There are 2 protein chains.
Amino acid sequence: MHKLSGISTKLQQDIKLAATKQNQHKRTRSDHATELTEDYVEAISEIIADAGVCRAVDLAQKFQVSHVTVNRTVGRLQRDGYVTTEPYAPIELTSVGTRLAKASQERHQLVLEFLLALGVSNATAITDSEGIEHHVSPETLRVMQKFIDSQK
Amino acid sequence: MHKLSGISTKLQQDIKLAATKQNQHKRTRSDHATELTEDYVEAISEIIADAGVCRAVDLAQKFQVSHVTVNRTVGRLQRDGYVTTEPYAPIELTSVGTRLAKASQERHQLVLEFLLALGVSNATAITDSEGIEHHVSPETLRVMQKFIDSQK
DNA sequence: ACAAAAATGTAGCACAGGCTAATATTGGCG
DNA sequence: CGCCAATATTAGCCTGTGCTACATTTTTGT
Ligand SMILES: [Mn+2]
Ligand SMILES: [Mn+2]
Ligand SMILES: [Mn+2]
Ligand SMILES: [Mn+2]
């Protein structure tokens, strides 16, 4: 069973946003804005867990972008309070960043497990969950969790 | 039963892209690049079906953006061969645009029906399918279709 | 017919997120 | 120790996608 508690904060805003038909596309745009942030903090968290520290090159490797792009993106993450960096030092997560990373990991994992439970192949589930995870509302997450449980 | 034939072209490229682990995030980025295009041609097609013609204001209303943003976006669509426009005239789809619109509609509809069949509420299914649709590979679409059929 | 309203177009701005090239720093190794 | 490779920074570029303010054109209603 997954803990979904950490996911609630941002997604509760989403509930409000989704309330009216007008906001359909606004929510999708808002999802996109947070998507890179979520993927980055998730990756940073995993790299730190794996390798001890996270350097810009690791992220460049992971996301297949130049290290310059990573630098600028990490700059935005710092500006927005998700990470702290000092020149030439490894990237670290703030407590806010850590919380977002955990919530994103849980949600990502749940979507992945759901796709697998549905019968999607491993490779496809891994790829599709990467894009889908950011667009799944809490209600749908709960339904996915229920489906996973029912398959056991 | 849905016809999925029209979807195959772009998504077959995706299969190749998804082949290696390296390309995970590249595919997600590529999905994002085509996402607005898909939503626009889909909307244009629907507005034409509903109202006879599609004007920039209709799209501005639909996507909740300014008409200037619509203008620039439609300009890119024209550049890329999906629509034709003349000053002060309604927007029309090229045959390529029409084909993409049909394929996107089918895929969107399938994802929506899948979420409903799963047990997600109408409002949430409508909102979530809007974001999810662009990140679902052909394999997952087939699995979703199978699930829908099995629920009948 | 013509004024007002609606629609469209244009200019100019901002920010996100890509890039290459050139420069600077750090850390490890011979 | 000093040099080299790895890493990070900076400068400067691009495209996409959003905006406001203002100008123009078309449509509509009396
Ligand atoms: Mn997306
Ligand atoms: Mn993720
Ligand atoms: Mn992702
Ligand atoms: Mn969509």
Side-chain angles (χ1 to χ4, degrees), chain A residues 17 22-41 43-44 47-48 51-92 130-131 134, chain B residues 17 22-41 43-44 47-48 51-92 130-131 134:
Chain A
L17 257 183
Q22 297 299 345
N23 289 117
Q24 234 72 97
H25 290 280
K26 286 201 171 181
R27 208 211 60 175
T28 300
R29 277 201 300 278
S30 134
D31 286 349
H32 279 156
T34 49
E35 182 160 342
L36 239 204
T37 299
E38 292 173 349
D39 283 339
Y40 264 69
V41 294
I44 292 166
I47 290 167
I48 289 175
V53 296
C54 176
R55 317 233 47 145
V57 275
D58 302 323
L59 294 169
Q61 224 273 310
K62 167 109 182 165
F63 292 113
Q64 295 287 292
V65 295
S66 74
H67 72 280
V68 181
T69 296
V70 168
N71 235 31
R72 300 168 63 76
T73 304
V74 169
R76 283 191 295 273
L77 293 184
Q78 179 161 41
R79 180 200 60 191
D80 297 340
Y82 296 108
V83 306
T84 57
T85 65
E86 281 170 277
Y88 300 99
I91 298 153
E92 306 200 20
E130 191 60 65
H134 311 281
Chain B
L17 257 184
Q22 297 299 344
N23 289 119
Q24 235 69 99
H25 290 279
K26 285 202 171 181
R27 209 211 59 175
T28 300
R29 278 202 299 279
S30 133
D31 285 348
H32 280 155
T34 49
E35 181 161 345
L36 240 205
T37 298
E38 292 173 350
D39 284 338
Y40 264 69
V41 295
I44 291 166
I47 289 167
I48 289 174
V53 296
C54 176
R55 316 232 50 145
V57 275
D58 302 324
L59 294 169
Q61 225 272 309
K62 167 109 182 165
F63 293 114
Q64 294 286 291
V65 294
S66 74
H67 76 277
V68 181
T69 297
V70 168
N71 236 29
R72 297 168 65 75
T73 304
V74 169
R76 284 191 294 274
L77 293 184
Q78 178 161 41
R79 180 200 61 192
D80 298 340
Y82 297 107
V83 305
T84 56
T85 65
E86 283 171 273
Y88 299 98
I91 298 153
E92 306 199 20
E130 189 61 64
H134 311 281

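Every chain is numbered from 1 and lettered A, B, ... according to where its sequence line falls, protein lines coming before strand lines. Side chains included, hydrogens not; waters and symmetry mates left out as well; all remaining heavy atoms used. Worth saying up front: this structure is predicted, and the values here are computed from it rather than measured.
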Taken to the nearest whole Å, NE2/A:H25 to C1'/D:dG18 is 16 Å
**Message:** Taking only side-chain N and O atoms of A:S66, does any of them lie within less than 4.0 angstrom of OP1 or OP2 on C:dC19?
**Reply:** yes
Of A:V65 and B:Y88, the one whose closest nucleotide on DNA chain C sits nearer the 5' end is B:Y88
From CZ of B:R29 across to P of D:dG16 the rounded distance in Å is 16 Å
Separation of D:dT17 atom P from A:L36 atom CG, nearest Å, is 14 Å
Rounded to whole Å, OH of A:Y82 lies from P of C:dA16 at a distance of 13 Å
Can you find a side chain N or O atom of B:R79 that sits less than 4.0 Å from OP1 or OP2 on D:dG16? yes
Rounded to whole Å, CG of B:L59 lies from P of C:dA6 at a distance of 19 Å
**Message:** Between A:N71 and D:dA8, is there a contact of a side-chain N or O with OP1 or OP2 at under 4.0 Å?
**Reply:** no
* **Under 3.5 Å donor-acceptor, B:R29 side chain and A:F63 backbone** => yes
With the side chain defined as heavy atoms from C-beta on, B:T69 is closest, among C:dT8, D:dG18, D:dA8, to D:dG18
> D:dC13 phosphate, OP1 or OP2: any side-chain N/O from A:R72 under 4.0 angstrom?
Replying inline: no
Quick one: does A:E35's side chain get under 4.5 Å of B:H32's, heavy atoms only? yes
Inset, instruction - Give a yes or no answer on whether the side chain of A:D58 reaches the backbone of A:R55 with a donor-acceptor pair at less than 3.5 Å. - result: yes
ask   = For D:dG16, does either OP1 or OP2 sit under 4.0 Å from a side-chain N or O belonging to B:R76?
value = no
When rounded to whole Å, the CD to C1' distance for the pair A:E38 and C:dG17 reads 17 Å
Rounded to whole Å, CD1 of A:I47 lies from P of D:dT7 at a distance of 13 Å
To the nearest angstrom, the CD-C1' distance between A:E86 and C:dA24 comes to 18 Å
Here the gap from B:E92 atom CD to B:E86 atom CD, rounded to the nearest 0.5 Å, amounts to 8.0 Å
Base of D:dT9, side chain of A:H67 - is there a donor-acceptor contact under 3.5 Å? yes
**Prompt:** Has B:R55 got a side-chain N or O lying under 4.0 Å from the OP1 or OP2 atom of C:dT8?
**Reply:** yes
**Q.** Side-chain heavy-atom pair A:H134, A:D39 within 4.5 angstrom cut-off
**A.** yes
Note to self: Any base atoms under 4.0 Å from A:T73, or only sugar-phosphate, or nothing? Heavy atoms, all strands.
What the structure shows: nothing
